[in-house]
Structure formats: C-alpha cells, structure tokens
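In what follows, chains carry the letters A, B, and so on, assigned in the order in which the sequence lines appear, proteins first and then strands, with residues in each chain numbered from 1. Keep in mind the model is a prediction, meaning the values are calculated, not measured.
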Amino acid sequence: MQADRRRLNAPAGGTAPPVFAALPNTKLQRQTRTRKPDEHRKLFLQTGIVPSASGSAYYEIPPQSQQQTELLVPQTSSLKITCTVHGPRPLPRNAAFSPNLLLSTHVKFAPFATRNRRGYVRDASERDLGAHLETALRGVVIGERFPKSGCEVVVTVLEGEEDGWWAGSAEGKEGGWGMMSVLAGCITVASAALVDAGIDCVDLVSGGVAAVVHGAGGKDGVLVLDPAPSEHDGEIRAACVVGYLQSRDEVTEMWMKGDAGMQAEQLIDEAVKAASLARAVLAETVKEAAEIKLGKGDESAVPVNEGKGKSKDVVMTG
Amino acid sequence: MANGTAKPTGLAFSRETFAKLTPGPFLQAHLQQAEPVRANGRSLDAFRTPTINTGSLSHSNGSAVVRIGDTAIVCGVRAEVLLASDIPIPPSDDSSEDEMVEQLGLLVPNVELSTGCSPSHLPGNPPSTLAQALSYRILSLLHTANLINLQDLRIQYTEPPTDEDLPDEGPKVVTKAYWTLYLDVLCIALDGNPFDALWAGVLSALQNTQLPKAWWDPDREMIVCSPLASEATRLQLRHLPIASTFAVFSTASPIKARSEAQSWVLADPDDFEEAVCVETVSVVVTSEDDARESVLKLEKCGGGHVGKVEMGQCVRLAHQRWRDWQGVIGG
C-alpha cells in the first residue's frame, strides 16, 4: 500500500490482520434466517445529530440476536450509517451557471467498518455507491427551486453489512451482496437528512433490498426481502436494490445483480415492498422531528444551562 | 447633537442576528456584564459534561463514542500483527522499552475530519492542516504519556531446547511479532474543541481494547490467534491523562493601548467562541501510580495575554476536570 504522506502510516514492514485458529471443541454454527421472507429487520432512524450541518440523520439496523460473547470474533455486523447534508450553498464564483441544484454525494466507509481494515482513500466501490445514491436522490429533489446552488450529501458508513458468513467458504462471496444492503440504507438515511435540511423534495424516497435465495432443494429460488448475507452464506443468486417513492409509485433508482432468471419482476416487486416498510419508519421519524422543531418555535424562553441559553437579551448601543 | 442628553437608543435586532453580524462584540457584551457569562449560557470556567459509550463497534478490538456537548467522535482500535522478521531496521538493544514503542511505530492514530462534521470540513480534499496537526498531537501525547507497556504488545515464543544449548541455560524466549494498534478516529459532529474529545475517545477505546491470545506456530511459520473471548487480554493503560483546552478572548487591537485590553479565559470553547479567539491553552493532567496529580503537557499559542496568574488558574481547572473525569472514564 502506498504510503499516504498526509496521514500517519503503518510501521515499515507492513502488518497483517490476525489469523484465527480453528476451534477443536466447539463447532461454529451459522445463523440462519429466522424471520419470515417478507419481514424486515428492526430499523432505527434519528435526525438532527449534527447541529452545525443543514440536516443530518443516523440509521442503524441493530444485531438481530444476542451476540455470542464466548467468541472474540463477531458473528454478524449491524449496519450503522450517518449522513450529513450541507446546503443549499452558493456555488463558487468561477463555477458555471446552473439552473438546478447541483447535488454531490460522497459515500465513505470508515476504516473499522468491515472485517478487513479499509484505507482512507476513497476506492472504486465507494465511488460507485455514491453514483447510485446520487441517481436515487436526483429524482426526488426539486432542483429548479435552487439555481446557482450546490448541495453536499455526505454519507459515512460506520459499520457495513458483510458479504457472507465469515467462517464459510470463499465461494459465493464474490457477489458483493453486502453493498446492496448498504446502498438501501444510504438511500433511506440520505432522504431523512434531506428532509431535516429542509430541501424541497417531491416525496420521501426510501431504499429497499430483496434477494433470490436458493430454495431448499427446489429449482425455483425463494424471494426474501432485506437479506442479511451472513445468514444466507453462498446461497444468494440475485439481489435488487430500489429507491422508491411510495405516494407517486415511482422508482428513482434500481440496481440488480446476479441472475434472477424468470423471477426478475417478482424480485423488483419484493424490493419495492421492502422500500415501503422502510418508508414507514422514515415517515414516523420525520414527523417526530418536525413536531419537535415546531414545538421549540412556540415555546417562550426556557432557560437551558448547556447549549444556546436564552439568558437576558443584550442591547447593543451604538 | 448640541444638547445630547438623550442616550442613543439601542439597535433592536434579535440575538442570532447580532451573533452573526458582529460575533466579537456580541461575546464581549456578554463577558463585560457584572456576572460574566458566555454566549451559550455557561460560566467562564464551566466545561461541558461528556458522555462516553464503549464497545459498540463489532469489528474493532476496542471502540468508543464520545459526545461533549455537540461535538461527537467515534474511535475504533484495530490490532494487526507486525512480524519481527519484517522490521527493516530493528531498534537498538540499548533503547528502553518505552522508546521502542515509538521506534517501531506500533501506535498509528489517524484523525479524519472530512466527514461533513461541519460546513468547513467537507470530503473530497486530502486531510487539512488541522486534521494532520491533531493526528500528530495525539501521537506525540500517546508516546509522551507512555500509556502502553511494550510487553502487552509482544508476541513471544519459547524456543524448544536443542542439542547445542548449554545445559544450565534457560529456555530462550524470542519476540516473534508485535501487535500494532490502528486508532482510527472519525469526527461525526464538530462544535469546537476537537482535541479534548478526540483524546477522550482514544483513551476510552484503548481501555476497551481486547487483544486475542496469539502464539507463533512453528509448523505453519505464522502467528495464530485464538478466537475465544475468555483467552483474550484487556489492554492495561498505565494511567489516564485528561486534556483540557481553554480559549482566550481579548479586546486587544492594534489601534488601542495595550493596557486598555481586557481578556477572559474561556474553558472548553465551542465553535462560535473558537472563531473569535486567537489564543489557546491546552493542559494535560495525569496521576501516575496513584501519586499526586501532575501536569503532563502544557501548550499555549496564539497570543500573549495569558500570564502566570491565568496559567495557574488554567492548571487548577484542569486538575479539577481530571478529578471529574475519573468517574466517567472509569479508572
């Protein structure tokens, strides 16, 4: 790895991640999916975590079952994403005139987000996610209300979904299925942050992901929504992410991977169903945040010790 | 005018407008009252109370999320293996163990501010001067404080006795590898005073770190670790230094006489205050081996308004803060 001159680098000689020995006594058991095929995992969504940004949101899918504490290696990861929106801000002077809002998205995985440590430099998969996210958001933002302005949507993935079971075989993991759950989460969290920033949108866009999994002995694959790739190690045949607008019944972004065969349309329908479930959480979060904001505006000066205290007003004499 | 008995009436803008238009005089008006108070309602020497959550990241050996007011940071510690045979220039035998941690470069902190934490830190640029300076300050404080024992980071191997060994020589213990700790600190929200929060995050994450049991496998010629949590060891820190930062607001200007300038020392500045203050003081206090508290590091830069009296006051406040934090960090 090239030494990054602006960061503190690894010691000369290079380091390697630890290799774990197989346990002779205990047999590692893969967690299988216990939810129904059309049941989504519990979502947690909160807005307003970064007060200095125009809008922000935090999205989390907590781990399903109690993590086994006897093993140091984590069994599954939860998904944790933060998003901040800075905008609309004026474009720099030398930029060309643009009649619409210039949306720029950045997606970055934290170095501790995945099982293998990632670097700080943005790589191709992160740029790809950024492009997909921009496609999803571009269809929902009313750009012509903000000429000559730009908006930055910055997504940081603190913990990402894995591609398969960590102790399983290496085959079946090349699909990069974890990225699809991450993209669905990014779309939902970016939508919440945009609403928190007050940027005019046509509707709330939410992300949903569904997959075709090898059925038990059958030829036809089983359609499941919100797949956790660590539960379906090597069994995922195809997956699809959509960014969906529920009240207009429109899809702003779709990304399908793998061979779905005859079930392609059903796969898209399942993904749309997953997006509708995510939208329910999104709508509730946004409503609560709006109620808090409006409630704060009505209240008269309440003395607060930490934070912007409304102490007696100061009159500036000329 | 000629009579001039009536006082000019004050301008009737809202507080937020005044703060935006003239931040300096706005803060000065607050501080010049009979009971000085800051624009955010805190008194001059009040610090923000921190909230620390550890162990929330699943892929890190140790992690911490620290919130001080509106500043929030996430720190993750990852341990990787550095083979002794890969070290190009082994440290000399007469350097002490603490120096060896620095020479081998076993602690690698990195501060990432370009996460959109504030409008001035947007991604797409290489690390700014502030981010690089913060990374380096954390590295130098880690080495100065000698927090980690090199013995905790060594992976040793007792060589089996061979025929060439003398009969009364004990078994030879060789260091085969070292644990390298990557401390990645991401700033989620920035509202002034990043250094205190970053240092608290690094400290909590290191305290929370668990290193797996590792040994040298002579057949496979590599280091192998045990995945059982019961065999893992928690990293022991020698002591817990706490950092306190102060900003100095002064009314000095080149056109006024030096003696007319007033200055106030503000503890734990937030973003608004940092924008109008030029001078900062940073004090790191620790207590080694349960002895008396001592000052580990003292930094002052940006101006000349802090003299001996003010510095003594800052150090006293830093000692008080050290005592307050012992409960939060949990010695």
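- For the set B:Leu122, B:Thr180, B:Leu190, the count of heavy-atom pairs under 4.5 angstrom toward chain A peaks at B:Leu122.
- When each of A:Val153, A:Val85, A:Asn116, A:Thr82 is scored by its heavy-atom pairs under 4.5 Å with chain B, the top score falls to A:Asn116.
- For the pair B:Cys117 and A:Ser52, the tightest heavy-atom approach, listed with the atom from each and the gap, is O-OG, 3.1 Å.
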Exercise. For salt bridge (Lys or Arg N to Asp or Glu O under 4.0 Å), just list the numbers for B:Asp184 and A:Arg117, CA-CA rounded to whole Å, side-chain angles, deciding distance to a tenth of an Å, and then say yes or no.
Key: CA-CA 10 Å; B:Asp184 299 305; A:Arg117 185 170 177 267; 2.8 Å; yes
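- Contact annotation for B:Ala79: only backbone heavy atoms (N, CA, C, O) come within less than 4.5 Å of a heavy atom of chain A.
- Residues satisfying the ring-ring contact (aromatic ring centres under 6.0 Å, His included) criterion with A:His132, sequence neighbours excluded, are A:Trp255.
- At least one donor-acceptor pair under 3.5 Å links the side chain of B:Asn208 to the backbone N or O of B:Ser63.
- Chain A forms more heavy-atom pairs under 4.5 Å with one residue of B:Ile87, B:Val111, B:Val74 than with any other, namely B:Val74.
- Here B:Leu235 contributes atom CG and B:Asn61 contributes atom CG; the two are 9.5 Å apart, rounded to the nearest 0.5 Å.
- With a 4.5 Å cut-off on non-hydrogen atoms, A:Thr84 touches chain B through its side chain but not through its backbone.
- In terms of modelled atom types and a separation under 3.5 Å, the side chain of B:Thr115 and the main chain of B:Cys187 share a donor-acceptor contact.
- Interface residues of residues 120-130 of chain A toward chain B, defined by a heavy-atom distance below 4.5 Å and sorted by number: A:Tyr120, A:Arg122.
- Among the candidates B:Asp270, B:Asp268, B:Asp70, the single residue satisfying the salt bridge (Lys or Arg N to Asp or Glu O under 4.0 Å) test with B:Arg48 is B:Asp268.
- By number of non-hydrogen pairs under 4.5 angstrom with chain A, the leading residue of B:Pro109, B:Pro123, B:Ser114 is B:Pro123.
- A donor-acceptor pair shorter than 3.5 Å can be found between the side chains of A:Glu152 and A:His106.
- Interface check for chain A: of the options B:Pro88, B:Ser60, B:Ala131, B:Ala46, the most heavy-atom pairs under 4.5 Å are formed by B:Pro88.
- In terms of heavy-atom pairs under 4.5 Å with chain A, the best-connected choice from B:Ser85, B:Ser14, B:Ala189, B:Ala214 is B:Ala189.
- Taking the side chain to side chain contact (heavy atoms under 4.5 Å, CB included) definition, one finds that B:Asp217 meets it with B:Asp219, B:Arg220, B:Val224, sequence neighbours left out.
- Considering every non-hydrogen atom in both B:Lys176 and B:Ile223, the closest pair reads CB-CD1, 4.3 Å.
- When each of B:Leu57, B:Leu104, B:Leu139 is checked for heavy-atom pairs under 4.5 Å with chain A, B:Leu57 comes out on top.
- Only the backbone of B:Ser226 comes within less than 4.5 Å of a heavy atom in chain A; its side chain stays farther off.
- Using a 4.5 Å cut-off between heavy atoms, A:Ser56 does not touch chain B at all.
- Only the side chain of B:Tyr182 comes within contact range of chain A, judged by heavy atoms closer than 4.5 Å.
- A salt bridge does not link A:Arg118 to B:Glu112: none of the charged nitrogens lies less than 4.0 Å from a carboxylate oxygen.
- For B:Asn110, the side-chain hydrogen bond (donor to acceptor under 3.5 Å, both in side chains) test picks out no residue, with sequence neighbours left out.
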